[in-house]
Asks: 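Quick one: structure below, then a few questions.
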There are 2 protein chains.
Amino acid sequence: MTQSAVSFQRVVPPSADGGRKAALPIDERPYHHGDLSRALVAAGRRILEAEGPDALSLRAVAREAGVSPAAPYHHFKDKGELLAAVAAEGWDELGAAIAKARAGAPDPAAAITEIGVAYVVFARRNPALYRIMYRSACDKETMPDHAKAEDSGWGHVAETLVAGGMDPADVQEMLLTQIAAWCTAHGVAEMAGFKEFEPVKEALGGEEAFVRAVLRHVGIMSGRRNAN
Amino acid sequence: MTQSAVSFQRVVPPSADGGRKAALPIDERPYHHGDLSRALVAAGRRILEAEGPDALSLRAVAREAGVSPAAPYHHFKDKGELLAAVAAEGWDELGAAIAKARAGAPDPAAAITEIGVAYVVFARRNPALYRIMYRSACDKETMPDHAKAEDSGWGHVAETLVAGGMDPADVQEMLLTQIAAWCTAHGVAEMAGFKEFEPVKEALGGEEAFVRAVLRHVGIMSGRRNAN
DNA sequence: GCACGTATCTAAGCGGTGTCAAGATCATCT
DNA sequence: AGATGATCTTGACACCGCTTAGATACGTGC
């Protein structure tokens with residue numbers, strides 16, 4: 001494409017406001033968005049944070065992106081695929097948070113706990129996003145691709161277990177440990193907000209301390225061995 | 001009320017077919033149902049089992065019960081309240097399954113594992129119901145009343161821990177242990193179907209053995225103590 | 001520099017949903 | 001018998017996911 005034909009929809013670069021164009025006067029709105037799929041995902045996350053997962057409709061996302069209700073169908077097969085794209089972003093960010101937590105831990109045993117804490121903290125800070133993330137996974141009964149990639153939570157747990165002395169050839173033991181760790185983190189993530197636990201949280205000095213206590217209580221890789 | 005005024009809508013007792021009346025000729029259908037709220041919950045469970053949680057709409061429930069779309073609003077404030085009623089039934093049944101599993105265990109340590117297995121088995125056999133159960137709990141960030149009642153999962157875990165020697169006065173330790181157990185069971189319940197775990201399940205001889213292995217791996221109350 | 005194919009978007013509409021307001025019907029109490 | 005309150009229906013509204021048909025703009029080939 002020649003530079004002479006610079007298209008006017010780039011006057012406001014799409015990344016500047018996350019793809020929102022609804023504020024523009026109608027006749028200044030370009031027919032082609034330019035980067036709609038990314039803008040739709042961004043709009044989805046905004047709605048998610050502002051109004052919760054139940055408000056996340058395809059039409060609302062299109063509205064937020066300043067586009068007709070049918071436009072998203074040219075970028076996503078259906079609503080589920082859009083949600084999966086939003087969820088994928090979440091899994092990536094969760095993976096990054098976990099990597100950071102692991103890097104800051106002094107030894108593998110501590111790393112396992114810190115990974116769990118980072119997991120729960122992420123889920124508690126982004127509850128709507130976390131629900132979307134898990135819903136698409138549970139529906140398909142598969143771990144999301146972004147969650148089992150190398151630089152993801154799952155991978156970091158595996159590496160940490162090996163660093164802590166576990167034999168990577170013992171696939172069964174590795175898997176059982178990873179599953180146990182993952183399940184506990186997921187459970188804590190979904191239940192940590194329950195009002196019944198407020199007293200304990202206060203006694204321990206806040207929710208993060210509470211989470212740490214629960215995870216340590218389970219004690220994945222804390223030196224104990226199983227009676228089997 | 002006098003017995004002389006026996007109402008004709010009792011000709012077919014509501015429990016006989018679970019409240020379904022759609023099969024009756026239209027002009028034989030009584031204007032008043034007689035036991036609609038119970039029938040609606042029963043209809044909800046039928047739809048849940050037959051078509052999954054996404055098909056569980058208020059209108060579908062009303063249809064299944066042979067009643068107009070607005071009728072449920074005279075018995076439930078909104079859709080959420082109907083779902084909560086369905087969920088409550090689920091929590092009761094889960095409590096019963098847990099009680100049974102606990103009763104069949106030789107000692108407290110085994111009981112904890114069996115309780116967990118019963119929990120996961122229930123969730124895996126009634127996946128749609130289980131999702132409804134947890135959704136209404138997570139939305140309100142409270143344990144469902146039916147789940148924390150005396151003869152419920154939560155109560156049975158507590159009693160088992162005490163029977164195993166834990167000091168009930170140590171509220172914090174009790175709660176942390178219960179939470180850890182509950183979280184693990186919930187996590188396993190939601191992830192046990194993941195395709196990635198198929199090999200391990202086969203190696204262990206089925207899904208129930210797999211669940212047992214994971215739960216034992218966490219080892220709530222299996223004689224080990226925490227490094228804390 | 002222009003035409004054409006294709007990607008992108010809009011408009012209109014279908015059947016479905018949750019929810020509400022108004023009216024019909026029935027059980028019961030006086 | 002008449003009034004009252006509970007229960008159910010009818011009809012409507014706004015929103016939803018999704019489809020089809022047509023409009024528009026981009027970029028490539030000439």
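Just so it is clear, the structure is predicted and the values come from calculations on it, not from any experiment. Chain letters run A, B, ... following the sequence lines, proteins first and then strands; every chain starts at 1.
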Asks: Strictly below 4.0 Å, heavy-atom distances to any atom of DNA chain D: list the hits from residues 75-86 of chain B, or just say none.
Replies: B:H75
Asks: Quickly work out the A:D54 CG to D:dA14 C1' distance and round it to whole Å.
Replies: 17 Å
Asks: Any side-chain donor paired with an acceptor under 3.5 Å for B:H217 and A:T177?
Replies: yes
Asks: Given C:dT10, D:dG17, D:dC16, identify the nucleotide with an atom nearest to the side chain of A:Y73.
Replies: D:dG17
Asks: Distance check needed: D:dT24 P versus A:L36 CG, whole Å only.
Replies: 19 Å
Asks: Nearest-nucleotide wise, let me know which of A:A60 and B:A71 is further upstream toward the 5' end of DNA chain D.
Replies: B:A71
Asks: Would you mind reading off the distance between B:I47 atom CD1 and C:dG16 atom P, rounded to a whole angstrom?
Replies: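 Computing the B:I47:CD1 to C:dG16:P distance gives 14 Å.
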Asks: B:D35 has an atom CG; how far is it from atom C1' of C:dA27, in whole Å?
Replies: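 For the pair B:D35 CG and C:dA27 C1', the rounded distance is 16 Å.
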Asks: Using 4.0 Å as the upper bound for N to carboxylate O, is an ion pair formed by B:R102 and B:E114?
Replies: no
Asks: Taking side chain to side chain donor-acceptor pair (under 3.5 Å) as the definition, give me every residue that meets it alongside A:E196, ordered by chain and number, with sequence neighbours left out.
Replies: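 Checked A:E196 against side chain to side chain donor-acceptor pair (under 3.5 Å); matches are B:K148.
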Asks: Atom CD of A:E51 to atom P of D:dC15: distance rounded to whole Å?
Replies: 13 Å
Asks: Ion pair present between B:K195 and A:E141, side-chain N to carboxylate O less than 4.0 angstrom?
Replies: no
Asks: Relative to each other, are the rings of B:W182 and B:Y119 parallel, tilted or perpendicular (30° and 60° limits)?
Replies: perpendicular
Asks: Specify the separation, in whole Å, of atom CG of A:L58 and atom P of D:dG17.
Replies: 5 Å
Asks: Any side-chain N or O of B:R63 less than 4.0 Å from the OP1 or OP2 oxygen of C:dT17?
Replies: yes
Asks: Check this for me, if you would: do B:R124 and B:E208 make a salt bridge, where the nitrogen-to-carboxylate-oxygen distance has to be below 4.0 angstrom?
Replies: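 Judged by the 4.0 Å cut-off on N to carboxylate O distance, B:R124 and B:E208 do not form a salt bridge.
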Asks: To the nearest Å, give me how far apart CG (B:L40) and P (D:dC8) are.
Replies: 8 Å
Asks: When you measure from the side-chain N and O atoms of A:S57 to the phosphate of D:dC16, is any distance below 4.0 Å, counting only OP1 and OP2?
Replies: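 True: A:S57 side-chain N/O within range (under 4.0 Å) of D:dC16 OP1/OP2.
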Asks: Within the sub-3.5 Å range, which N or O atoms of nucleotides 12-14 of chain C have a protein N or O partner, and how far apart are they?
Replies:
none

Asks: Tell me: NE2 of A:H74 to C1' of D:dT24, nearest whole Å?
Replies: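 Value for this atom pair: 12 Å.
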Asks: Under a 4.0 Å N-O cut-off, is there an ion pair linking B:E93 with B:R45?
Replies: yes
Asks: Which atoms form the tightest heavy-atom contact between A:L48 and A:A128, and what is the distance?
Replies: O-CB, 3.5 Å
Asks: Is B:R135 paired with A:D54 through a side-chain N to carboxylate O contact shorter than 4.0 Å?
Replies: yes
